[in-house]
Structures are given as C-alpha cells and as structure tokens.
Amino acid sequence: MVDAYGAVTWWGFSPCLNMEREVSGVSALSVAAEGSCSMVNILLVGAGDCRHILKTICQAWKRPKRNYTFYVIENNLEVLARTMLFFHLILEGPNEMGLQGKTEMFLEIFGNLLVREQTRDYIASRATNCIKMVTDLDYLNEKFPLFDLSALKFKERDHLEAVFKFWRNPDKMSFDASKFWDNRLRAYLQARYDSRAGAFDWDYNMKLVERDADIIHKTEYSRWRNTGVAFELREASYIIPNKTLASGLIFNSGGEKVARRGYWGDIICSPFLAFGIESQNQDLFKKSNGMHTKTAADVSEFNILSCLHELIRHESYKPAEQVVNSSNIKEAQLTEITEEDEEENDKDGNEREDELLKLENVKIVFLSKDMASEIHKKKKYHSLFDVVYFSNSMVHNFTPEMSQVFKDRASVCCETAKFMLDLGKEQCQQFVTKVTEIARKAGCQTSGPCDGCKDSFMKFSFDRIRAE
C-alpha cells in the first residue's frame, strides 16, 4: 500500500534554498575566502528535485570566484533522469528556446501529470541526447560537462538508459497517467472518494492554509488533487501523459514480487511547495479584500523566470525589464519566441544536436543510492562537504558515522515535516525533537529553536573538535 506521499519523491516538500547563502556557516566560509578561488562541496540526500541546485547556482554570479560541486543521492534513478532533463532544458541555447518558453515547459514537466504535445515531443527528443550521454561518458563530458555519472554503477547507468528509452517511446498508452492517478485517489480516499471535492477542501483549509501556504489558491490545489495538473500557464490542451513521472515499484502479490509501472508520487502535498510559496518579490503576496491577488502558479512562474534570467544574464531579474538579443552567449539576453517557432525548431529534434550553454564553475555528481548509508566508508569523501542536506524521508541517514564526511564548521540542513499534511501538529514537533537528538549524537549543534509547524528547515552546525 502506497500512502499519499508516495514512494517516489518527484518534488520536495519545502521551498528551494540557496545552499551557500541561506544555510548558516557557509556565508562565513565564503567571506573568509573572498580573495581567492575556493570550492564549495554540497551533499544533497533525497532532495527529490533540482530546486536547491538551481537556486544556488543562479545566484552564484554574485561570487564569481566560487566553484560548486553538488553530490546528489536519490532513492530512485528516475529522479536523477529528470534532473538531467531539467538542466538540458535550462541550458538550451537562446536561439533554441526563449526565457518564457523555458519557464513554462520547466513547470509543466515538473508538476503536471499531463502535458502538451509540444512538451511530449521535447521530452522524447532530449531523451535521445540523454541516452548517448549515459552510455558514453566521453560524449557526456564533451556535450554536457555539468554532470558526472562516473560514480554510478553500470547497472544504474543501464537503468537510466532504459528510463530515457521509455520517455522516447511514442506509445502513450504505455503510461495511462490519468488512470494511475485515479487509482491512487481511490486507494487513498476509499469511502471518501465520491465526496472527494469536500476532502480536498478540508485538506486545503485545515492543513495547507494553517501551515502558511495560503498563496496556493483553493481552485488550483483542487484541480491538481483531482487531475494531477498543477500548472496551466497557457491556453492549451494538457492531454498527453508526462512520462517523466512514471516509475516502477515492487509489490508483494501472493508471496511473489511483482513490478508495476505507474504514478507512485505525491497526491496530497502538491508541487507548488517547491517554487510557489516563497519569493523575494513580495508584490506577489499582496491581498485585496483579504484574498491573495496572485496564485502559487504565478509565484512559481516568477521564481523560475528570475532564476533563469540570473543564470544567463548574471544580474538580478526585474519583472518590467525588456530582454533583447545579444551575440555573446555567456551573457545572452534571451528573447521570447512564439509557440509556432518552438514547434518549428523541434521538428528535427531527434536528428539535431544543439550546443548547450556551459556553466564553468558548477559540477553535479550523481552517487549511487547505497551511498546514503555507505558514503562515510569512502575515504575520498572524508571531511569533504561544506553543506549537507537531508530530506525528511532520508534523515535517518544522518548518523554519527556520517559526520566523517563533514568539513570542520560544516552546515547541516534538514527538511522538517511541516508540509507532510497527514501529520498533526504534535507529530511535526516530535519529528523536530527526534532530528535534533539525531544531530546531537552526530556532533552537531542547532542554530536556534525550530517550530515543526512553522519552519520548513532545521539548521545545524558541526564542529569537529567539539564532536570529538
């Protein structure tokens, strides 16, 4: 039986973080090394998506002498495959896709069970490129040097290849997304299924709103709960299954293990949490007659748009700013192109290999899922990480042995259970208490009190001398 949170974390249950600036301790590291080049090593355990990586690197232009290496551990290889696809999209050349087009397609792939035909074609064409990358590491290093897959096992790279081949398969019935979603709803709601609109309304008003997520509009939340479609940013038909949200799961059937492909992700918390409930642009949170004038989809669109703008332009994003062409790709200003232009560009996508923009000071290393509990046994990782992040579902890997991979004065960030909507307030606070004790045993000290129903993250600092 799969619960409402699912067995696969397609998106995180907390807002995105700048892992360098916002986590305590690293700001001090950066200031200390401001005059020279330095490497910041960040370990992400079970983040579920690329939100923290994107938020961190989009603001890296403010510290041009910093180099970043992200080490990523996920329970499911399909999550790694999606990360590759998202960065392929993000780094498309300015002549291939406009800023607005990238933003809309990113959110569509990120949080929609059903997508447009154009998006389906994009996924299929880029899956072909990704197959070449996971099967030939020399080709990967030449075409997509952002990623390092050398630490994965051969069988894991084979699995990634199979995932990309499935995405490329034109048979949409190989993943009947709407049927899988409905089956999950029926299994979760049971007797409440026929009155599910009321169940959705209860979860919204009594859980989401109570946990400071009222920017998520009731209508958009109910639509997502009912159909799996979170972002409808264009007047278009969202009818094609999003194969990037498909995964396999092993079930015990009559004593035999049976593999079933389906949608095994979140059906209660929503993808709005990652990019749609916090923003530096406070105008998005204005109210009229006690109601928000914007929605979580609007906030998500602005946040992704601003991230992509900063990543390319190396300057803060201003909503009213007019973007024009530039011949310099490294500092290119992306222009809007029409949907018709995008479709024309994608017609020969399977045959054409377009150059991707390069991120010179960033590397993303995929590690085997076994490394979540085994990484401390590898000497090359000892005292390596400046920042370590644990999702709430992977925090059990935060053991005393894990502290061997922390640098002196490292920062540790743990996702709380704030947005795990099936948990009550007492359970959320108990989770904080439990994680605090886990951190203490690992030699970490909390940076301050944490309210399990108000704070999305817990932050700790590590001092090796104190720990020993």
Side-chain angles (χ1 to χ4, degrees), residues 1-13 48-49 74-82 85-86 107-117 119-124 127 159-160 162-197 199-200 203 220-232 236-254 256-274 393 420-422:
M1 183 70 178
V2 179
D3 61 22
Y5 308 125
V8 183
T9 308
W10 293 123
W11 42 76
F13 300 121
D49 55 44
E74 294 289 352
N75 265 336
N76 299 87
L77 290 169
E78 289 85 353
V79 176
L80 301 184
R82 269 170 55 98
L85 176 65
F86 284 132
L107 290 173
E108 192 177 336
I109 297 172
F110 182 78
N112 284 9
L113 192 68
L114 301 172
V115 297
R116 297 171 292 160
E117 289 186 9
T119 303
R120 183 269 315 275
D121 294 341
Y122 178 85
I123 293 170
H159 188 125
L160 283 175
V163 170
F164 291 128
K165 285 182 176 179
F166 172 69
W167 291 1
R168 195 176 59 175
N169 183 350
D171 181 12
K172 68 179 183 180
M173 295 310 295
S174 59
F175 179 55
D176 191 344
S178 295
K179 178 181 177 181
F180 290 131
W181 185 270
D182 188 64
N183 288 343
R184 288 287 308 286
L185 283 180
R186 289 177 183 273
Y188 172 65
L189 295 173
Q190 298 183 359
R192 296 183 297 157
Y193 177 80
D194 290 334
S195 56
R196 56 190 177 280
F200 301 158
D203 288 340
E220 63 183 350
Y221 178 73
S222 296
R223 180 190 64 217
W224 174 77
R225 287 292 303 271
N226 199 44
T227 66
V229 176
F231 304 102
E232 290 187 346
S237 297
Y238 295 84
I239 57 175
I240 307 297
N242 181 0
K243 289 189 174 182
T244 74
L245 292 177
S247 63
L249 198 62
I250 305 297
F251 289 87
N252 192 323
S253 179
E256 294 185 4
K257 292 184 178 180
V258 179
R260 295 180 185 172
R261 175 180 286 136
Y263 175 79
W264 307 118
D266 166 41
I267 62 169
I268 185 172
C269 300
S270 86
F272 299 117
L273 298 174
S393 62
M420 310 306 285
L421 300 187
D422 272 353

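Sequential numbering from 1 along the given sequence is applied to the chain's residues. This is a predicted model, so every value here is computed, not measured.
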With a 3.5 Å distance limit and no angle check, can you tell me whether [X] reaches the backbone of [Y] through a side-chain donor-acceptor pair?
X	Y	answer
Asp3	Gly6	yes
Trp167	Lys243	yes
Glu108	Arg116	yes
Asn112	Val229	no
Arg223	Ala230	yes

Pairwise side-chain contact, [X] with [Y], heavy-atom cut-off 4.5 Å (strictly under):
X	Y	answer
Val8	Val79	yes
Ile123	Phe164	no
Ile239	Leu114	no
Tyr188	Arg184	no
Tyr221	Asp203	yes
Leu85	Thr244	yes

Closest non-hydrogen atom pair, [X] against [Y]:
X	Y	result
Leu160	Leu77	CD2-O, 3.4 Å
Leu113	Ser178	CD2-N, 4.3 Å
Phe166	Ala246	CE2-CB, 3.6 Å
Gly12	Asp49	N-OD2, 2.7 Å
Arg120	Val115	N-CG2, 4.1 Å
Gly48	Glu74	N-OE2, 2.8 Å

Gap separating the [atom1] atom of [X] from the [atom2] atom of [Y], nearest 0.5 angstrom:
X	Y	atom1	atom2	answer
Asn75	Ser393	CG	OG	7.0 Å
Glu232	Ser237	CD	OG	9.5 Å
Trp10	Asn242	CH2	CG	9.0 Å
Leu249	Arg260	CG	CZ	9.5 Å
Thr9	Asn76	OG1	CG	7.5 Å

Report, as yes or no, whether the 6.0 Å neighbourhood of atom CZ on Arg261 holds more than 12 heavy atoms from other residues, nucleotides or ligands.
->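 No, CZ of Arg261 has 12 or fewer neighbouring heavy atoms, counting only those of other groups under 6.0 Å.
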Phe200 six-ring face occupied by Arg225 cation (under 6.0 Å, within 45°) | no
Is a side-chain donor-acceptor pair under 3.5 Å present for Glu78 with Ser247?
->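 No pair is found: no donor N or O on one side chain lies under 3.5 Å from an acceptor on the other.
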Trp11 versus Asp266, side-chain donor and acceptor atoms under 3.5 Å |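 Per modelled atom types, Asp266 and Trp11 side chains form a pair under 3.5 Å.
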In sequence, state the C-alpha distance, the side-chain angles, and the governing distance for Phe175 and Tyr263, and then conclude on ring pair (Phe, Tyr, Trp, His ring centres under 6.0 Å).
-> CA-CA 9 Å; Phe175 179 55; Tyr263 175 79; 7.6 Å; no
Taking the six-membered ring for Trp and the single ring otherwise, decide whether the centroids of Phe231 and Phe110 are under 6.0 Å apart.
->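 No; Phe110 has its ring centre 6.0 Å or more from that of Phe231.
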Would a line drawn from the ring center of Trp264 to the ring center of Phe251 be shorter than 6.0 Å?
-> yes
Take Asp182 and Tyr193 through the side-chain hydrogen bond (donor to acceptor under 3.5 Å, both in side chains) test and state the conclusion after the steps.
-> CA-CA 10 Å; Asp182 188 64; Tyr193 177 80; 2.4 Å; yes
Give the intermediate values and the outcome of side chain to side chain contact (heavy atoms under 4.5 Å, CB included) for residues Ile268 and Tyr5.
-> CA-CA 7 Å; Ile268 185 172; Tyr5 308 125; 3.9 Å; yes
